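Worksheet for the structure shown next.
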Amino acid sequence: GVMVTETFELRPNGVPAFKFGKAPAPARAGNYDDWNELFWDPWRLKHALKIKTPRPGVQRFVDACQDSADVWRKLRELDWEHSLRKHKTHLEFHSHFPLLIGNYR
């Protein structure tokens, strides 16, 4: 599965361009709202973050850290792809319905 959908691609002249042209990003693409909600919810964050090479009895990132200073040292041990998978909370879709409602006269 795809954890993150790239929304920009690099043009030959070196300028990034939105990959989907004038269309919005796909509804399943992880966005700021999803990551923000994950990182502000301590319970979800504690259960979501996994380390790359689990040791016996230690699979979660928070269990691998002895104190708050360990968090920064052990960030490279995080399995980001596995940790951030399936945390899509906001399914966005776009339609012309608001345009119709806003201009009904």
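This is a predicted model, so every value here is computed, not measured.
- The other members of the hydrophobic cluster of I101, by chain and number, are F97 (side-chain heavy atoms under 4.5 Å, ILVMFWY only).
- R76 meets the side-chain contact (heavy atoms from CB on, under 4.5 Å) test with no other residue; sequence neighbours excluded.
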Please tabulate, one pair per line, all N/O donor-acceptor pairs under 3.5 Å involving side-chain atoms of residues 57-66, not counting sequence neighbours.
residue: R60; atom: NE; partner: D63; partner atom: OD2; Å: 3.1
residue: R60; atom: NH1; partner: H47; partner atom: ND1; Å: 3.0
residue: R60; atom: NH2; partner: D63; partner atom: OD1; Å: 3.4
residue: R60; atom: NH2; partner: D63; partner atom: OD2; Å: 3.3

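- Rounding to the nearest 0.5 angstrom, the gap separating the CG atom in L49 from the CZ atom in R44 is 11.0 Å.
- Counting heavy atoms of neighbouring residues, nucleotides and ligands inside a 6.0 Å radius, atom NZ of K46 does not exceed 12 of them.
- D41 pairs by the salt bridge (Lys or Arg N to Asp or Glu O under 4.0 Å) definition with nothing, not counting sequence neighbours.
- Put simply, W80 and W72 are part of the same group of oily side chains (I, L, V, M, F, W, Y) that touch within less than 4.5 Å, one to the next.
- Here D70 pairs with R73 under the salt bridge (Lys or Arg N to Asp or Glu O under 4.0 Å) rule; sequence neighbours left out.
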